[in-house]
Trainee: 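Dropping a structure here in structure tokens format, bear with me for questions.
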Amino acid sequence: MFKYEIESKSLTPKDVFECGQCFRWDENDDGSYTGVFKDCVLTVKKHGDKITFCGINKEKDFEKFKNDIIDYFDLNRDYETIKNKLSKIDDNLKKSVEYGSGIRILNQELFETIISFIISANNNIPRIKGIIKRISENYGEQIEFNGNIFYTFPTVEELSKASVEDLRKLGLGFRDKRVYDTCQMIKNKEIDLENLSKLDTKDLRIVMMKFPGVGPKVCDCILLFSTLKRFDVFPIDVWVRRVMNELYIHNPDENKVSKIQIQKLADEKYGDLQGLAQQYLFYWERSLNK
DNA sequence: GTCCAGGGAATCA
DNA sequence: TGATTCCATGGA
């Protein structure tokens with residue numbers, strides 16, 4: 001087992017793993033979190049300003065393990081400066097940043113993020129987590145950690161072996177065909193995921209939405225939460241619409257607030273940091289409704 | 001039984 | 001273009 005320790009004021013496991021960006025991390029009794037990313041199993045624990053990462057990877061290579069953690073948690077980015085900038089925009093955003101002060105936007109594997117957010121459509125987070133867990137158990141590879149078996153998220157080659165019926169049995173519902181077709185498109189290099197990172201955000205959105213099941217909202221989540229790492233997008237779901245209406249628009253019927261109106265507000269107020277603003281607001285609004 | 005969930009696609013006006 | 005409807009599933 002490897003152990004890697006850092007000091008950080010701007011990383012709180014609970015905020016990182018429960019702000020809605022990821023679906024593969026579960027809380028332990030002591031408040032730490034255990035999950036799988038790439039080929040690593042990891043337990044993340046915070047004590048004071050110290051963060052301890054304990055885990056293992058398939059190659060049992062510590063240098064790779066360490067570098068994967070630095071990359072996944074985006075540890076070279078200065079979140080204190082970002083939070084200060086956002087807090088100056090207005091008091092509402094300042095409150096949400098204070099509430100979610102330990103959030104970091106993860107660099108998640110692109111294929112896993114695409115599939116995960118296609119599954120997220122008209123779904124709830126506990127059920128999304130269950131589906132992704134079953135997909136990994138059936139099509140991923142085993143890794144043993146602390147005497148327990150964990151499963152990596154499958155590669156394109158592994159998951160594209162699943163038929164629509166196979167996926168339906170795992171509980172995907174109407175999203176089964178969308179996941180199947182998307183896997184085939186990626187496997188056949190109809191869209192080559194390797195070539196996407198050089199595109200600007202506008203062109204990237206056009207390409208990403210060619211995948212079945214990827215509309216504007218799912219697309220923006222993929223761009224924000226994956227290694228594509230675009231902060232100039234603003235995923236609008238029911239929670240974000242609700243919080244934007246409560247804070248700025250004040251329409252008595254939030255269902256009548258248009259996405260165009262919300263997007264315009266986000267562009268004006270948050271600019272190039274709108275993706276981060278969205279995540280602090282989403283996490284904050286959900287906490288108020290629990 | 002009804003409503004809702006990190007929506008998208010098909011259909012209709 | 002813009003608004004409605006349908007889509008599986010499980011928990012509240």
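Everything numeric here is computed off the predicted structure, so don't read it as measured data. Every chain is numbered from 1, with letters handed out A, B, ... down the list of sequences.
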Trainee: Heavy atoms only, 4.0 Å cut-off, all strands: where does A:Cys22 land among base, sugar-phosphate and nothing?
Mentor: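 Nothing, no nucleic acid heavy atom in range.
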
Trainee: In sequence, state the C-alpha distance, the side-chain angles, and the governing distance for A:Thr155 and A:Glu158, and then conclude on side-chain contact (heavy atoms from CB on, under 4.5 Å).
Mentor: CA-CA 5 Å; A:Thr155 62; A:Glu158 288 163 342; 3.3 Å; yes

Trainee: Expressed as a whole number of Å, how far does the P atom of B:dG6 sit from that of C:dG2?
Mentor: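 Approximately 27 Å lies between the P atom of B:dG6 and that of C:dG2.
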
Trainee: Taking atom C1' of B:dA5 as reference, at what distance in whole Å does atom CD of A:Glu254 sit?
Mentor: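 The distance from CD of A:Glu254 to C1' of B:dA5 comes to 14 Å, rounded to the nearest Å.
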
Trainee: For the pair made of CD1 in A:Ile262 and P in B:dG7, what is the distance, rounded to whole Å?
Mentor: 13 Å

Trainee: In what stems does DNA chain C take part, counting only runs of at least 3 consecutive Watson-Crick or G-U pairs whose two distances fall under 3.5 Å?
Mentor: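 When the pairs of DNA chain C are grouped into runs of at least three, the stems are B:2-5 with C:9-12, B:7-13 with C:1-7.
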
Trainee: Rounding to a whole Å, what distance do you find between A:Ile125:CD1 and B:dA5:P?
Mentor: 11 Å

Trainee: Hey, which sits more toward the 5' end of DNA chain B by its nearest nucleotide, A:Phe211 or A:Lys217?
Mentor: A:Lys217

Trainee: Please classify the nucleic acid contact of A:Gly20 as base, sugar-phosphate, or nothing, using heavy-atom distances under 4.0 Å.
Mentor: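 Contact class for A:Gly20: base.
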
Trainee: Do the side chains of A:Ile236 and A:Tyr283 join up, straight or via other hydrophobic residues, at under 4.5 Å, putting them in one cluster?
Mentor: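 The answer is yes; both residues are in one hydrophobic cluster.
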
Trainee: Can you tell me the distance, in whole Å, between the CG atom of A:Asn289 and the P atom of B:dG6?
Mentor: 11 Å

Trainee: Give one of base, sugar-phosphate or nothing for A:Phe225, where a contact means two heavy atoms less than 4.0 Å apart.
Mentor: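 The answer is base, as A:Phe225 lies within the cut-off (heavy atoms under 4.0 Å) of a base atom.
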
Trainee: For A:Pro126, answer base if it contacts any base atom (sugar-phosphate contacts may also be present), sugar-phosphate if it contacts only those atoms, and nothing otherwise; contact means non-hydrogen atoms under 4.0 Å.
Mentor: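 Result for A:Pro126 = nothing.
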
Trainee: Does A:Gln279 contact B:dG6 through a side-chain donor or acceptor facing the base, at a distance under 3.5 Å?
Mentor: yes

Trainee: Taking the side chain of A:Phe174 as its heavy atoms from C-beta onward, which of C:dC7, B:dG6, B:dG8 lies nearest to it?
Mentor: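 Of the candidates, C:dC7 comes closest.
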
Trainee: Kindly indicate, with the supporting measurements, whether the criterion side-chain contact (heavy atoms from CB on, under 4.5 Å) is fulfilled by A:Arg77 and A:Tyr79.
Mentor: CA-CA 6 Å; A:Arg77 193 183 304 271; A:Tyr79 266 73; 3.8 Å; yes

Trainee: For atom P, what is the distance between C:dA8 and B:dT11, given to the nearest Å?
Mentor: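 Straight-line distance between the two P atoms is 14 Å.
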
Trainee: Which of these nucleotides, B:dG6, B:dG8, C:dT9, is closest to any side-chain atom of A:Arg127?
Mentor: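 Side chain of A:Arg127 sits closest to C:dT9.
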
Trainee: So, is A:Arg168 near the phosphate of C:dA8, with a side-chain N or O under 4.0 Å from OP1 or OP2?
Mentor: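 Looking at the OP1 and OP2 atoms of C:dA8, one of them is under 4.0 Å from a side-chain N or O of A:Arg168.
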
Trainee: Tell me if the NZ atom of A:Lys229 is crowded by more than 12 foreign heavy atoms within 6.0 Å.
Mentor: yes

Trainee: Whole angstrom is fine here: how far is it from CD1 in A:Ile119 over to P in C:dT9?
Mentor: 14 Å

Trainee: Considering only NZ, NE, NH1 and NH2 on the basic side and carboxylate oxygens on the acidic side, decide whether A:Asp253 and A:Lys256 come within less than 4.0 Å.
Mentor: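 Salt bridge present between A:Asp253 and A:Lys256.
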
Trainee: Name the residue from A:Lys269, A:Arg230, A:Gln263, A:Gln279 that meets the side-chain hydrogen bond (donor to acceptor under 3.5 Å, both in side chains) definition with A:Gln274.
Mentor: A:Gln263

Trainee: Rounding to the closest angstrom, what is the interatomic distance between B:dT2 and C:dC6 at atom P?
Mentor: 15 Å

Trainee: Take the protein atom CD1 of A:Ile118 and the nucleotide atom C1' of C:dA8, then report the distance between them rounded to whole Å.
Mentor: 16 Å

Trainee: Just the rounded figure in Å: distance from C1' of B:dG6 to CD1 of A:Ile103.
Mentor: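 So the two atoms are 14 Å apart, to the nearest Å.
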
Trainee: Consider the side chain of A:Phe117, meaning its heavy atoms from C-beta on, and name the nucleotide among B:dG6, C:dA8, B:dG8 that approaches it most closely.
Mentor: B:dG6

Trainee: Go through B:dA5, C:dC7, B:dG6 for me and flag the one nearest to the A:Arg242 side chain.
Mentor: B:dA5

Trainee: Is there a path of hydrophobic side-chain contacts, each under 4.5 Å between heavy atoms of I/L/V/M/F/W/Y residues, joining A:Leu106 to A:Ile128?
Mentor: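 A:Ile128 and A:Leu106: separate clusters.
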
Trainee: Base, sugar-phosphate, or nothing for A:Arg178, non-hydrogen atoms under 4.0 angstrom?
Mentor: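 The answer is base, as A:Arg178 lies within the cut-off (heavy atoms under 4.0 Å) of a base atom.
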
Trainee: When you measure from the side-chain N and O atoms of A:Arg175 to the phosphate of B:dA9, is any distance below 4.0 Å, counting only OP1 and OP2?
Mentor: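 Looking at the OP1 and OP2 atoms of B:dA9, neither is under 4.0 Å from any side-chain N or O of A:Arg175.
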
Trainee: What I want to find out is whether A:Glu268 reaches A:Lys264 closely enough, with some N-O distance under 4.0 Å, to be called a salt bridge.
Mentor: yes

Trainee: Under 3.5 Å, is there a donor on one side chain and an acceptor on the other for A:Thr43 and A:Thr34?
Mentor: yes

Trainee: Tell me: CG of A:Asn122 to C1' of B:dC3, nearest whole Å?
Mentor: 12 Å

